[in-house]
> 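Structure in structure tokens, see below.
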Amino acid sequence: MTDTWATFGADLHIDPTGSTGLRAGLMDALREAVRTGRLAPGTRLPSSRTLAADLGIARNTVADAYAELVAEGWLTARQGSGTRVARRAEPRPPAAAAPRTRPPRRTPAYSLKPGTPDLATFPRAEWLKAARRALSAAPYEAFGYGDPRGRIELRTVLAEYLARARGVYADPDRIVVCAGFVHGLMLLGKVLRGRRVREVAVESYGLDIHTRLLTEAGLRIPCLPLDGYGTRTGELHTLRNAGAVLLTPAHQFPTGVPLHPDRRAAAVDWARSTGGLILEDDYDGEFRYDRQPVGALQGLDPEHVVYLGTASKSLAPGLRLGWMVAPHALAAEVAGAKGVSDWAPSALDQLTLAEFMASGAYDRHVRSMRLRYRNRRDQLVAALAERAPHIRVSGIAAGLHAVLELPEGTEAEVIRAAAWQGLAVEGLAFYRHPDADLEREALVIGYGTPTDSAWTGTLEALLRVLA
């Protein structure tokens, strides 16, 4: 007959009819449980009385087994603390010979990679205040699964803010809250594919993660040429199978060129005549310096433009808070594709952002950061003019990055030289569509990325590379 002891989560099988006897069988089972890790160091064992009752054996048998295992060092016993698994050092397996590899690369001391704001400036105190107010006022149902479109409190505040600050025609029913731009684009790719769209046109330069998401959704991504007036949207009519186009009209990423008004009109004309959709990525439209604000393209035709924005540049990407403003029918399809089980920002984060914006703290933070980033941009331009006058800077009227034009054939060399200086940078080639005809050599400098304390050293490292 076999008894099983499962008193504290470990199954120890003891055969009382075996030749080893009950005490020896119990000791073997305990040693095996400790050796295999089923009984972790420090685990408290049942008292001898409790274990004896569980196993239906004499208490003295358990007490003798415990005493011998204590003597062997498997267990410890202390008055008032009971019997525990000893904290014994496990033997280390013999070290395998290290594979012959290249030495690891040094972690860069500085970074000017674009796409990230100064994370040290996140408004912690104001955000905490907003979170407390939001949590205190949150209705019970806010902690349920909720509406796939997002919390109505946030959608209502966003509709007012986007209309005022970006010229977006919005109402709460048109808005779907998502976990950043990438999440929104994933949802749109799913919906477009369901609508039998086969191609989404993209710009000659852009983020490869966006084009990859579209191709993973089963969509082809022909590219449109780009020049000093922005993307040549007039050529959309030559793409017979394109059902949508992805644009960054306020501040093209990464070249920094705003889309010319005539080309904005051409994109809208194409969408109206073909029934296509414009996917507008307004990734840093709130940061402009030397020009009047360029309103969102969506304001020209809300029924053919899907506006996408996030808090990633204005606050922090780690919040995973984004939104899209879509035509009514499309908003319903996106909400359906999202469903209640899809990943999305927490209700509390949505309520906190709604409170943060409604209180005016968001506007104050954006104004403060606009001034901070403008000062950095001015310092960058002045330093380059003084110490590297052969470098032409472009794309600096807005946003958080600048394009530094390089002599032909030098982009890769400059990136390697920057790495030797402990500086991480990216070249324009990193963002080039494989089918793009236009080739330029340049660095894309994210001057919003460093903290204030690191900015001076980061700028100096860049100047040593370029001077």
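Note that these values count all heavy atoms, side chains included, but never hydrogens, waters or copies made by symmetry.
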> Side chain to side chain contact (heavy atoms under 4.5 Å, CB included), that's the test. Do L119 and T451 meet it? Break it down for me.
CA-CA 7 Å; L119 301 178; T451 62; over 6 Å; no
> I'd like to know if the side chain of T458 and the backbone of A454 have a donor-acceptor N/O pair within less than 3.5 Å.
yes
> Indicate whether any N or O donor in one side chain lies under 3.5 Å from an N or O acceptor in the other, for T231 and T233.
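Their side chains do not contain a donor-acceptor pair, so the 3.5 Å distance test is not met.
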> Would you check if the distance from the ring center of F287 to the ring center of Y373 is below 6.0 Å?
yes
> Do NZ/NE/NH1/NH2 and the carboxylate oxygens of E303 and R272 come within less than 4.0 Å?
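Here E303 does not pair with R272 in a salt bridge, since their nearest N and O are not under 4.0 Å apart.
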> Is a donor from one side chain sitting under 3.5 angstrom from an acceptor on the other, for E441 and T410?
no
> Using a strict threshold of under 4.0 Å (side-chain N to carboxylate O), is an ion pair present between K129 and E126?
yes
> Checking side-chain contact (heavy atoms from CB on, under 4.5 Å) between Q298 and each of V306, I278, L162, V325, which is the one that passes?
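Exactly one option meets the side-chain contact (heavy atoms from CB on, under 4.5 Å) with Q298, and it is V325.
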> Any side-chain donor paired with an acceptor under 3.5 Å for D349 and S346?
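Per modelled atom types, D349 and S346 side chains form a pair under 3.5 Å.
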> Heavy-atom distance under 4.5 Å between the side chains of L112 and T449, does that happen here?
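Side-chain contact under 4.5 Å: no.
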> The criterion is side-chain hydrogen bond (donor to acceptor under 3.5 Å, both in side chains); which residues satisfy it with R166, sequence neighbours excluded?
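side-chain hydrogen bond (donor to acceptor under 3.5 Å, both in side chains) list for R166, sorted by chain: D282.
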> Any salt bridge linking E405 with R440? Criterion: basic side-chain nitrogen under 4.0 Å from a carboxylate oxygen.
yes
> So, is the end of the R376 side chain (NZ or CZ) under 6.0 Å from the ring centre of W455 and within 45° of the ring's axis?
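Yes; both conditions hold, so R376 lies above the ring face of W455.
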> Between E199 and L239 (side chain of the first, backbone of the second, donor and acceptor by atom type, cut-off under 3.5 Å), is there such a pair?
no
> Report yes if the side chains of V366 and D363 come closer than 4.5 Å at any heavy-atom pair, otherwise no.
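No. Closest side-chain heavy atoms not under 4.5 Å.
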> CG of L351 to CD of E153: how many Å apart, nearest 0.5 Å?
5.0 Å
> With sequence neighbours left out, what residues match Y283 under ring pair (Phe, Tyr, Trp, His ring centres under 6.0 Å)?
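Ring pair (Phe, Tyr, Trp, His ring centres under 6.0 Å) check on Y283 returns F253.
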> Is H260 reaching over with its side chain to a backbone N or O of R232, donor-acceptor style, under 3.5 angstrom?
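No; judged by distance alone, with no hydrogens or angles, the pair does not exist.
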> Mind checking the CZ-CG spacing from R151 to L348? Nearest 0.5 Å is all I need.
10.5 Å
> Quick one: does any side-chain atom of H390 pair with a main-chain N or O of L466 as donor and acceptor, under 3.5 Å?
yes
> Using every non-hydrogen atom in the two residues, find where P148 and A335 come nearest and quote the distance to one decimal.
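The pair with the smallest heavy-atom distance is CB-O, 3.6 Å.
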> Could you walk me through whether Y110 and Q421 satisfy the side chain to side chain donor-acceptor pair (under 3.5 Å) test, starting with their C-alpha distance in whole Å, then the side-chain angles of each, then the deciding distance to 0.1 Å, before giving a yes or no?
CA-CA 9 Å; Y110 309 107; Q421 294 289 338; over 6 Å; no
> Could you report the tightest heavy-atom contact between A402 and I396, atom names first, then the distance?
CB-CG2, 3.4 Å
> Would you check if R374 and Q379 make a side-chain contact, meaning some heavy-atom pair closer than 4.5 Å?
no
> Between L400 and D284, what is the shortest heavy-atom contact and its length?
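What the structure gives for the nearest pair is N-OD2, 3.6 Å.
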> If you define the side chain from C-beta out and look only at heavy atoms, does anything of L192 sit under 4.5 Å from V200?
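When only atoms from C-beta onward are counted, V200 and L192 do touch, with a gap below 4.5 Å.
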> Between D171 and R155, is there a side-chain N and carboxylate O pair less than 4.0 Å apart?
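No, this pair does not count.
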> Would you please indicate yes or no on a ring centroid separation below 6.0 angstrom for Y362 and Y161?
yes
> Check G427 against I415 and note the closest heavy-atom contact, atom names and distance.
N-CD1, 3.5 Å
> Do P249 and E280 make a side-chain contact, defined as non-hydrogen atoms from C-beta onward lying under 4.5 Å apart?
yes
> Please round to the nearest 0.5 Å and tell me the distance separating atom OG1 of T274 and atom CG of L236.
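These two atoms lie 8.0 Å from each other.
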> Do you know the tightest heavy-atom contact between E203 and L246?
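Closest approach of E203 to L246, heavy atoms only: CG-O, 3.8 Å.
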> Is a side-chain donor or acceptor of Q350 paired with a backbone partner of P345 at a separation under 3.5 angstrom?
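Yes, because the side chain of Q350 sits within donor-acceptor range (under 3.5 Å) of the backbone of P345.
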> With side chain to side chain contact (heavy atoms under 4.5 Å, CB included) as the test, would you mind laying out the steps for L404 and L462 before giving the verdict?
CA-CA 11 Å; L404 277 53; L462 177 66; 4.2 Å; yes
> In Å and rounded to the nearest 0.5 Å, what is the CG to CG distance from D435 to L224?
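These two atoms lie 11.5 Å from each other.
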> Quick one, L459 with L463, criterion side chain to side chain contact (heavy atoms under 4.5 Å, CB included). Give me CA distance, side-chain angles, the key distance, then yes/no.
CA-CA 6 Å; L459 180 57; L463 293 171; 4.2 Å; yes
> Tell me if a side-chain donor or acceptor on H304 pairs with a main-chain N or O of L277 at a distance below 3.5 Å.
no
> Do H365 and F122 have ring centroids that are under 6.0 Å from one another?
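Ring centroids of F122 and H365 are no less than 6.0 Å from each other.
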> L371 versus R367: any side-chain heavy-atom pair under 4.5 Å?
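Counting from C-beta outward, L371 and R367 never come under 4.5 Å.
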> How many angstroms lie between atom CG of L187 and atom CG of L213, to the nearest 0.5 angstrom?
10.5 Å
> Check whether any side-chain N or O of E411 sits under 3.5 Å from a backbone N or O of A442 as a donor-acceptor pair, and report yes or no.
yes
> How far apart are the C-alpha atoms of E286 and K313, what are their side-chain angles, what is the distance that settles it, and do they pass the salt bridge (charged side-chain N to carboxylate O under 4.0 Å, His left out) test?
CA-CA 9 Å; E286 291 153 313; K313 304 298 182 292; over 6 Å; no
> Mind checking the OG1-CG spacing from T310 to L319? Nearest 0.5 Å is all I need.
9.5 Å
> Is the backbone N or O of G230 less than 3.5 Å from a side-chain atom of R263, with the two atoms forming a donor-acceptor pair by type?
yes
> Closer than 3.5 angstrom, by distance alone: can the side chain of H401 be matched with the main-chain N or O of G448 as a donor-acceptor pair?
no
> Mark yes or no for whether S359, through its side chain, and E355, through its backbone, hold a donor-acceptor pair below 3.5 Å.
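Between the backbone of E355 and the side chain of S359 there is a qualifying donor-acceptor contact (under 3.5 Å).
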> Got R149 and I175 here, is their nearest side-chain heavy-atom distance under 4.5 Å?
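A side-chain contact under 4.5 Å is absent here.
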> Would you please say whether a donor-acceptor pair under 3.5 Å links the side chains of T255 and Q252?
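The answer is yes; a qualifying pair exists.
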> Closest approach of T352 and A130, non-hydrogen atoms and distance?
O-CB, 3.8 Å
> Could you tell me if the side chain of L423 sits less than 4.5 Å from the side chain of V425, heavy atoms only?
yes
> Verify side chain to side chain contact (heavy atoms under 4.5 Å, CB included) between L330 and L188, making sure each step is shown before the conclusion.
CA-CA 9 Å; L330 186 68; L188 286 169; 4.1 Å; yes
